[in-house]
Amino acid sequence: MKRLKHLLQKYLLPSLAGRGRGVGLLLFLPLSAFSQVVFEARIDTLVLLIGEQRELTLDVTCGSKQKLKMPDLRPQQPLAPEVEVVELLGTDTTYLDDGKRMQVQQRYTLTAWDSTLVLLPPFTVEVDGKPYKSKELALKVLTVPIDTLTVDYTQYFPNKPIQNNPFSWDDWKPVLWLLFFHQLLALALLWLYSRWHENKPLIRIIRRKRKLPAHQVAMNEIERIKGERHWTEDDSKEYYTQLTDTLRNYIHERFGFNAMEMTSAEIIERLLQEQDETALNELRQLFQTADLVKFAKWKTLTGENDANLVSAIDFINQTKQEVDPNQPEEEVIIPEEVKQIKARSLTMKIIMGVSAVVACVLAVYALYLVIDLIR
């Protein structure tokens, strides 16, 4: 490069100086043309009616390696009184001279709302940090001729700013109902799972039967004790334990006090408040014999055991209370068979699967509605 510069200065420039300055300018003109910046602003027409729209074009030509910064014109930005930008239509870039230069065009839509002659200020671009301004543009805005007899002039209004939609519960009602049913379905699914996990039926099959009276329950138990003929002297303690427990349960149901937690003497003393002492002599003798057998290892004979059993029966028959025909029936659960349990388990699994799918669909649809509302 230094040698080329030396040759130009030694041979070419003196010869050019001899022939005149014009030839030198012609040689260096292309070099300066590549660095020249051309900026132009134009409007497709300079006359418009109030409310009409026109296209503004900003055209910049510069070197492709240069850094270009276009004007920042935004929608609803006023350019002059009653003249504003409606929207940016687009930006086009074209490369010229084998990519050495570029042409950038930005197009905007303008509108005006007052009938007057508007002078738009120059637009400014920056190329490599250096500002370049366009020429001023004049825009003539004319009043719309309105025939109040045939034309509805109220249809002409300026652009309004973007407004947020007011909040309304009516828009959210479908979402809230979906979430409500989703929660109900989720609770039902949890309940079904707990019933299935505990191997319990969805619906208990029950039947009602009348509750047996206290004296009948006691007589059935005594018949069971009497039917076991294998009692021996060594089994006297077990025999009297079952017999007295049966009497204590009967007294609790018949007279309403907790005989199971009372001693034999306390039971007799409490019964004396409602029964004759003569009627309780045999019962007192039975309880005394039972206490001796259970606590003092008293040995009894078979005949003595039968006599005490008869005493217990006589006491029950003397103090029994007739059944009230208006007494409510008792609920009794019917046990299910193994096949019914397996079928029930399969049914519950199917119901839980369907419920889970429906719950997921409701949740996804509710989420879709929420996203659509908040957009």
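Basis for what follows: all heavy atoms, side chains included, without hydrogens, waters or symmetry-related copies. On a predicted model such as this, the values are computed, not experimentally measured, just so you know. Each residue takes its place number in the sequence, starting with 1.
Between L271 and L283, some side-chain heavy-atom pair lies under the 4.5 Å cut-off. For the pair Y250/V217, no side-chain contact is recorded, criterion being any heavy-atom separation below 4.5 Å from C-beta on. In this structure, the side chains of V127 and K67 stay at 4.5 Å or more apart for every pair of heavy atoms.
Between the side chain of R54 and the backbone N or O of T109, no donor-acceptor pair lies under 3.5 Å.
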Q: Kindly indicate, with the supporting measurements, whether the criterion side chain to side chain donor-acceptor pair (under 3.5 Å) is fulfilled by D291 and Y240.
A: CA-CA 9 Å; D291 290 341; Y240 279 99; over 6 Å; no

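The number of heavy atoms from other shown groups lying within 6.0 Å of CH2 (W177) does not exceed 12. Within 6.0 Å of CD on E269 lie no more than 12 heavy atoms contributed by other residues, nucleotides or ligands.
Separation of atoms CG (D245) and CD (E221) is listed at 9.0 Å; rounding is to 0.5 Å.
Neither side chain, T57 nor Y108, offers a donor N or O lying under 3.5 Å from an acceptor on the other.
A side chain to side chain donor-acceptor pair (under 3.5 Å) with D59 is found for one member of Q106, Q105, R107 and no other, namely Q105.
With salt bridges taken as basic N to acidic carboxylate O contacts below 4.0 Å, none links E282 and R284.
Linking ILVMFWY residues whenever their side-chain heavy atoms come closer than 4.5 Å, directly or via other members, leaves L286 and V310 in distinct clusters.
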